[in-house]
Amino acid sequence: MDLNDLLEIAEKENASAKPIRLRCCTAAGCLSQQGDAVKNALQQAVADADMSDRVEIVGVGCMGLCSAGPLVKIDPDGALFEQVQPEQCASIIASLNGGGPAEASVGSDDIPFFSKQHPIVLENSGRINPERIESYIAAGGYQALFHSLREMAPTDVVEEISKSGLRGRGGAGFPTGLKWATVAKMKAERKYIVCNADEGDPGAFMDRSVLESDPHRVLEGMAIAAYAVGATQGFVYVRGEYPLAISRLKTAIQQARRMGLLGTQIFESPFDFRVDLRIGAGAFVCGEETALLRSIEGQRGTPRPRPPFPAQSGLWGYPTLINNVETFANIAPIVSKGSEWFSAIGTEKSKGTKVFALAGKITNTGLIEVPMGTPLRTIVEEMGGGVPNGQVKAVQTGGPSGGCIPAAHLDTPVDYESLAKLGSIMGSGGMIVMDQSDNMVGVAKFFMEFCMDESCGKCVPCRAGTAQIHKILTKVTDGRATSADLENLRSLCEMVKSASLCGLGQSAPNPVLSTLRYYPDEYQACIDGGAAAEASA
Amino acid sequence: MAVKTLTIDGKAISAREEQTILQAARENGITIPTLCQLNGTSNIGACRLCLVEVAGVPKLLPACVTLVGEGMQVSTDSEKIHEYRKMIVELLFAERNHVCAACVENGHCELQDLAISVGMDHSRYDYMNPKCAVDITHKRYGIDHNRCVLCGRCVRVCDEIEGAHTWDFQGRGANTRTISDMFVPWGQAVSCTSCGKCVQACPTGAIFRRGSTVAEMQKDRTRLDFIVTAREKKQWIA
Amino acid sequence: MSSTVAAPSKTAPAGGAKGQPSGDNRYKMLEATMKRHQYAADSLIEVLHTAQELFGFLEVDLLLHVAHSLRVPPSRVYGVATFYHFFSLKPKGDHTVVICMGTACYVKGASQVVAAIEALGGIKAGETTPDGRVSLMTARCIGACGIAPAVVLDGNITGKQTAGAVVDHVKGWLGNGS
């Protein structure tokens, strides 16, 4: 396999495309709304109308606007149908033949939800067939890997990623190039690449969507990373809750292996790289890198103190590079288009784009990708369409490790530093919009219950502290708390944040601290209400 | 052998580069409280009682796993650290059912000593009152989960020194429990060699020798040091 | 007394130990998975996934069999099996309803759905009805936030659910014998 072979596959794939193509979303969001039935009905309708010679039905990945699914998009005229029902399919096909307008609700991709996006990670999502490697290659896939292996030294690749300014998309925002350089410098007989696809934040589904829509993109990113740091074995650690993502990854790995894009002597170079899947088993803490490594080693997913960092001593004691799905998905475009192209997007300290999952009390739920630094207001009100019949009260970012950002701060640009200043975090990209009917103490309690259940139990502050915080919050919501409880709550949160072993415990108090900071009245109201009830009893 | 010089609580000391802050402090007579740490077994940094402040580092660092560094300025007992330690000990007391007056270990217990050293006279937190079992199926020893602090010393001593790996943890979070073999009563755990190391390793009265009555149990940690020294240095120092 | 940690010979035919009826194909399939992983101790979680797929849940005898085959201490196998919520040591009901309790589903009222099913079945989340018909579970976010609240009925993800609709569905399971 070399570049000519790649180009030939791409050409063949493009030549086989029929004049009219109907793209059906087959990612989990649309599938759960009969997306597969719609696809089958369309196929049947094409056969019935005897139009198979010029119309094809293609299953593609996520198109983003999950709330309007199942989605069907027609090429080349660009019509978008929303909430398509199987019984509407015959009329859609008939409309292609001049049979009058289709009896399906027509959407538009000229709304801010689509037009304000800047797709890099998601550029293939909803366009290519995630189950066919040829489809990815036709979109230029695996050329970046060829370019790296055949035209760049490993140090050049690391340098390019460093210059791009890419930072880890898993939440903490560590500079990716620096991490790569550290692993590359380690002298060891073996090194590993790990893709963290244990997307555990409730309310975040970016990684699921990328894996379901464009799995080869992630594999290509991992292979480039492996070449850059000198690794020969990779693992994708993916949540057990994502069966579709797992099956598409399995297919993708097999296809890449069969074509020689994974395995030995890739692109006729001395570079070998194999990738295996590891399926998570329902433990949020395994998103923490040292816990994830323990889990790959078949152990209880308990974190360990760092240093040593996985880059120095990771899987089985060997240097290990861990990046998340979205980070790996950024690699191929950076190598293809160059670090300057990438670093021109975003803000001074946060380069590139970020994928967000919009959910909660918002009109348009789904996935969007915007340049770093886009104001929260643009995302929530313009693109998301705001709260149906209501007002935004707060936006929760970063899941159980993040915080609630009140509506007054909606003009904040979304980047790592700005969100941290507000007491929240970028996190992996979940954004849950809340309206006036949401009680913030209840929200804080919801997250604390989550952290308490997901605490691994190893360190005392997290194990016993989250349970105590939850107990105090329950007292607050039940109207049994006093001002002294509130003081205990605050000091306990500070201690758990400073003293816990890993990121789970260190960030578990964030939802409480941020709601205490922005909504102290709601806590006080619970206490006053309880006191009043007692006085009148 | 490279040597680093540093200060701990203002006292200038020197230490070998492979030493941890905890080891260096102990060599110099500076006490840092610990609970999960046990000489001869691996350090896991779990109890968080040995957290110290290091000048220029924004995070608190566990002394048991942090190596000494040149010019390091360590402070082991600032007001903040003292308060955090007290909170951690209070959390431990509230987590299970610790009744010192009715405990075999009363007067010799590391948890009790910790409470005294941090000046704790009560827990400001509500007691969780979990239901915990007492297992006295083993003919010589017993385990009372009411007194377990989940430090993992029994698990490590059994795995790393005895090599039997009878003990492990089941569940997670506050529901974590120490178990023997496939969650069978200790007396039925066929992997157990009845060596008694876990009894000596346990910091509280959770694992005890049967037949001890209240306040009689006194553990002999030097037995473990003896074995570790014998294994690692091939020196048998009684 | 023989030790449970002693590794049995790899060539020993299935069927000797308790709970391994000879001719049970599931044990052969489990064996194939372990063999593919070269009986490596670090494949424990992968092997438990396969075991649960084959047997529906992880019985203690099955865990012992895995412990022996991979030469891992029994207490570690039990510790791993109970650390991860995906693994179940008890049999599940004939039907399962999994209610997503992720943030998006939470703010859209998933807890009301849970309460309704708990009341209907007389069980708590994580339990199975006494007749073994229905297991109720909650999930930590299945990533279907765009269609919150999401409920998984016997493996099928359904979105934009209401307490009433899910109750009707579960009533069907509880009512008739299918």
Side-chain angles (χ1 to χ4, degrees), chain A residues 28-33 64-67 69 199-205 207-209 239-243 245 278-284 286 295-302 316 357-361 365-367 396 399-400 430 432-435 437-438 443 446-447 450 453-454 456-457, chain C residues 36-37 40-50 52-53 66 70 72 75-88 98 100-111 126 137-153 155-161:
Chain A
C30 285
L31 279 188
S32 65
Q33 301 181 78
L65 192 56
C66 305
S67 52
E199 180 175 60
D201 284 3
F205 52 98
D207 295 348
R208 172 181 66 71
S209 196
R239 284 185 90 194
E241 286 87 339
Y242 289 173
R278 284 290 178 269
I279 314 297
F284 173 70
C286 289
S295 187
I296 291 180
E297 292 170 358
Q299 308 252 22
R300 291 164 60 85
T302 51
W316 299 287
L358 282 178
K361 306 277 178 63
T365 56
L367 278 193
Q396 210 281 344
I432 311 283
V433 179
M434 307 196 179
D435 69 5
S437 67
D438 290 304
V443 169
F446 165 79
F447 281 117
F450 179 93
D453 284 350
E454 296 297 335
C456 79
Chain C
R36 198 174 63 241
H37 287 284
D42 37 45
S43 67
L44 176 58
I45 293 172
E46 295 292 300
V47 171
L48 292 181
H49 271 300
T50 308
Q52 180 154 304
E53 254 167 54
V66 170
L70 302 183
V72 176
S75 59
R76 182 190 290 169
V77 173
Y78 198 87
V80 169
T82 53
F83 184 88
Y84 296 97
H85 284 186
F86 229 67
F87 299 130
S88 171
V98 182
C100 180
M101 284 294 283
T103 322
C105 295
Y106 167 79
V107 301
K108 292 231 174 145
S111 36
M137 281 170 286
T138 54
R140 274 303 172 212
C141 188
I142 55 170
C145 316
I147 50 165
V151 176
V152 187
L153 298 162
N156 298 314
I157 302 176
T158 60
K160 299 176 185 166
Q161 284 291 348

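Residue numbers begin at 1 in each chain, while the letters A, B, ... track the order of the sequences. The figures that follow rest on heavy atoms only: side chains count, while hydrogens, waters and symmetry mates do not. Owing to the predicted nature of the structure, the values given are computational and were not obtained by experimental measurement.
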Open item on the list: Please classify the contact between A:Arg208 and chain C as side chain, backbone, both or neither, with a heavy-atom cut-off of under 4.5 Å.
Closed with: side chain
TODO: Answer yes or no: is there a donor N or O on one side and an acceptor on the other, between the side chain of C:Tyr106 and the main chain of A:Phe447, under 3.5 Å?
DONE: no
Task: C:Glu46 (side chain) donor-acceptor with A:Ile279 (main chain) under 3.5 angstrom - done: yes
Open item on the list: Does any part of the side chain of C:Phe86, heavy atoms only, come nearer than 4.5 Å to the side chain of A:Glu241, both counted from C-beta?
Closed with: yes
Task: Engaged part of C:Thr158 at the chain A interface, taking heavy atoms whose separation is under 4.5 Å - done: backbone
- [ ] Let me know if A:Asp201 has heavy atoms under 4.5 Å from chain C in its side chain, its backbone, both or neither.
- [x] backbone
Task: Residue C:Arg140 versus chain A: region with a heavy atom under 4.5 Å - done: both
Task: Region of A:Cys456 in contact with chain C, defined by heavy-atom distances below 4.5 Å - done: both
- [ ] Go through the atoms of A:Gln299 and report whether side chain, backbone, both or neither lie under 4.5 Å from a heavy atom of chain C.
- [x] both
Task: Structural part of A:Arg239 lying under 4.5 Å from a heavy atom of chain C - done: side chain
TODO: Between chain A and each of C:Val80, C:Leu44, C:Val98, C:Thr82, count heavy-atom pairs under 4.5 Å; write down the option with the most.
DONE: C:Val80
Open item on the list: Could you check whether any side-chain heavy atom of C:Ile45 comes within less than 4.5 Å of a side-chain heavy atom of A:Ser295, counting everything from C-beta outward?
Closed with: yes
Open item on the list: Is any side-chain heavy atom of C:Val107 closer than 4.5 Å to one of A:Phe446?
Closed with: no
Open item on the list: If I measure from the heavy atoms of chain C, does A:Ile296 come under 4.5 Å with its side chain, its backbone, both, or neither?
Closed with: backbone
Open item on the list: Using heavy-atom distances under 4.5 Å, tell me whether C:Ala144 contacts chain A through its side chain, its backbone, both, or neither.
Closed with: backbone
